[in-house]
Structure formats: C-alpha cells, structure tokens
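Here's the structure, in structure tokens; my notes come after.
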Amino acid sequence: MNLDEYNAYCATLPATHHVVQWRGAHVWKVGTKVFAIARPEDEDSPLRVTFKVTPESYDIMKDQKGLRPAPHLASRGMKWIQHYEAPGLDDEALRAYLAKSHELAAANLTKKMQRELGLLD
C-alpha cells in the first residue's frame with residue numbers, strides 16, 4: 001500500500017478526517033480519536049502504517065516479521081502496531097486492520113459524539 005492508497009482507503013471510513021502533523025505524518029481521526037498514522041520514509045521504502053489493535057491482536061502481531069509495537073505509543077502501554085517492512089501485512093489485511101482500528105477509536109468517543117457523527121443507529 002502506498003501513501004495515496006492509504007489516504008484513499010481511510011477516507012472511505014465513516015466520519016473521518018485527515019491532518020498532516022507530527023513532522024509530516026498523515027494522521028486519520030474519527031471525531032477526536034486517532035485511528036491511523038502513516039509516514040512515508042522515502043520513495044524506495046515501504047510506508048510505515050501505525051494502527052490501534054485489540055489486546056489479542058497485539059499479542060499475536062507484536063513479534064511478526066515486518067510488524068512491531070508502535071514506537072512512542074506501545075511504550076506508553078497502548079495497543080498499537082506498526083507495519084514497517086515486508087512481509088508485514090498484505091494490502092487486504094492492512095485495510096481490515098485499519099477498519100478495526102477505526103471501530104476501536106470510534107467506540108472510545110462519547111455516545112453524544114457518536115450520535116453527532118452518525119455512528120450510532
């Protein structure tokens with residue numbers, strides 16, 4: 001997945017918005033909650049994508065080749081994984097984890113905010 005594909009996919013998720021912050025990181029939020037961060041290193045290296053995961057997924061993914069506990073976030077006890085090199089995740093799996101990260105972040109919004117964003121039935 002390249003940066004354009006990452007941004008295009010995240011834009012399809014409900015009630016999201018995009019900002020570039022933290023020295024050029026492409027940050028996606030649902031309401032006020034971050035659910036995905038990507039930073040292009042250079043044109044020849046894979047896109048580093050960081051996303052929130054369940055505790056179970058974190059335990060499984062943290063030691064897989066191409067994945068690691070997200071720098072700065074996991075060290076604070078947060079369950080975030082960074083896809084940083086091959087083999088990591090294929091594009092389909094990465095999209096599924098981004099969607100789950102969006103869901104996890106949205107669940108941490110207040111019910112009022114969820115309603116305002118159209119995330120509740």
Side-chain angles (χ1 to χ4, degrees):
M1 181 178 290
N2 64 35
L3 183 61
D4 290 337
E5 293 166 333
Y6 159 82
N7 283 327
Y9 178 71
C10 289
T12 68
L13 299 170
T16 60
H17 63 280
H18 171 252
V19 295
V20 177
Q21 61 188 67
W22 303 322
R23 296 176 306 169
H26 289 254
V27 179
W28 281 89
K29 300 179 182 185
V30 54
T32 58
K33 302 295 184 181
V34 173
F35 72 91
I37 305 165
R39 182 185 314 276
E41 293 301 311
D42 59 52
E43 290 183 24
D44 296 326
S45 45
L47 184 65
R48 292 180 179 201
V49 180
T50 302
F51 48 92
K52 185 178 182 100
V53 294
T54 65
E56 297 81 17
S57 291
Y58 182 84
D59 288 340
I60 293 167
M61 299 171 78
K62 68 182 179 174
D63 297 319
Q64 291 182 2
K65 185 151 176 59
L67 305 175
R68 64 182 172 200
H72 309 294
L73 296 170
S75 65
R76 296 180 184 152
M78 298 176 179
K79 302 300 184 194
W80 287 70
I81 289 289
Q82 184 179 73
H83 163 85
Y84 70 99
E85 69 179 11
L89 299 168
D90 64 30
D91 288 356
E92 183 179 343
L94 183 53
R95 282 190 294 273
Y97 278 106
L98 289 170
K100 182 64 176 177
S101 182
H102 174 274
E103 179 185 315
L104 293 168
N108 285 323
L109 295 169
T110 65
K111 295 296 181 199
K112 179 181 178 187
M113 176 80 67
Q114 290 175 21
R115 268 190 299 284
E116 288 172 1
L117 295 172
L119 298 170
L120 291 178
D121 293 334

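FYI, side chains are in, hydrogens and waters are out, and symmetry mates aren't considered; it's all heavy atoms of this structure. We number each residue from 1, following the sequence as shown.
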Donor-acceptor pairs under 3.5 angstrom involving side-chain atoms of residues 25-40: please list them, not counting sequence neighbours.
from  : atom 1 : to    : atom 2 : distance (Å)
His26 : ND1    : Asn7  : ND2    : 3.3
His26 : ND1    : His18 : NE2    : 3.0
Trp28 : NE1    : Asn7  : OD1    : 2.8
Arg39 : NH1    : Trp22 : O      : 2.8
Arg39 : NH1    : Arg23 : O      : 2.7
Arg39 : NH2    : Trp22 : O      : 3.0

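Pairs passing the salt bridge (charged side-chain N to carboxylate O under 4.0 Å, His left out) check and including a residue from residues 63-75, sequence neighbours excluded, read Lys65-Glu85. Annotation: ring-ring contact (aromatic ring centres under 6.0 Å, His included) contacts involving residues 49-83, sequence neighbours excluded, comprise Phe51-Tyr97.
Taking CZ of Arg95 as the reference point, atom SG of Cys10 lies at 11.0 Å (rounded to 0.5 Å). Rounding to the nearest 0.5 angstrom, the gap separating the CE atom in Met61 from the CG atom in Leu89 is 4.5 Å.
Judged as a side chain to side chain donor-acceptor pair (under 3.5 Å), and not counting sequence neighbours, the contacts of Glu103 are Lys100. Applying the side-chain contact (heavy atoms from CB on, under 4.5 Å) test to Leu120 and every residue at least two apart in sequence or in another chain returns Lys111, Gln114, Arg115. For Ser101, there are no side chain to side chain donor-acceptor pair (under 3.5 Å) partners, not counting sequence neighbours. Residues passing the side chain to side chain donor-acceptor pair (under 3.5 Å) test with Thr16, sequence neighbours excluded: none. The side chain to side chain donor-acceptor pair (under 3.5 Å) search around Arg48 returns none, not counting sequence neighbours.
For Met1 against Leu98, the heavy-atom pair with the smallest separation is SD-CD1, 4.5 Å.
By the 4.5 Å side-chain criterion applied to Ile, Leu, Val, Met, Phe, Trp and Tyr, Tyr84 is assigned to no cluster and stands alone. Cluster note: Val20 groups with no other residue, as no ILVMFWY side-chain heavy atom lies under 4.5 Å from it.
Side-chain heavy atoms closer than 4.5 Å link hydrophobic residues (I, L, V, M, F, W, Y) into clusters, and following such links, possibly through other members, connects Leu117 to Leu13. When the side chains of ILVMFWY residues are joined at heavy-atom separations under 4.5 Å, either directly or via intervening members, Leu73 and Val53 end up in two distinct hydrophobic clusters.
When atom types are taken as modelled, the side chain of Glu5 and the backbone of Asn2 share a donor-acceptor pair closer than 3.5 angstrom.
Counting heavy atoms from C-beta outward, Tyr6 and Leu94 have side chains that stay 4.5 Å or more apart.
The local environment of CD in Glu92 is sparse, with at most 12 non-hydrogen atoms from other residues, nucleotides or ligands closer than 6.0 Å.
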**Asked** Which is it for Lys62 and Ile81 under the side-chain contact (heavy atoms from CB on, under 4.5 Å) test, yes or no, and what are the steps along the way?
**Response** CA-CA 7 Å; Lys62 68 182 179 174; Ile81 289 289; 4.3 Å; yes
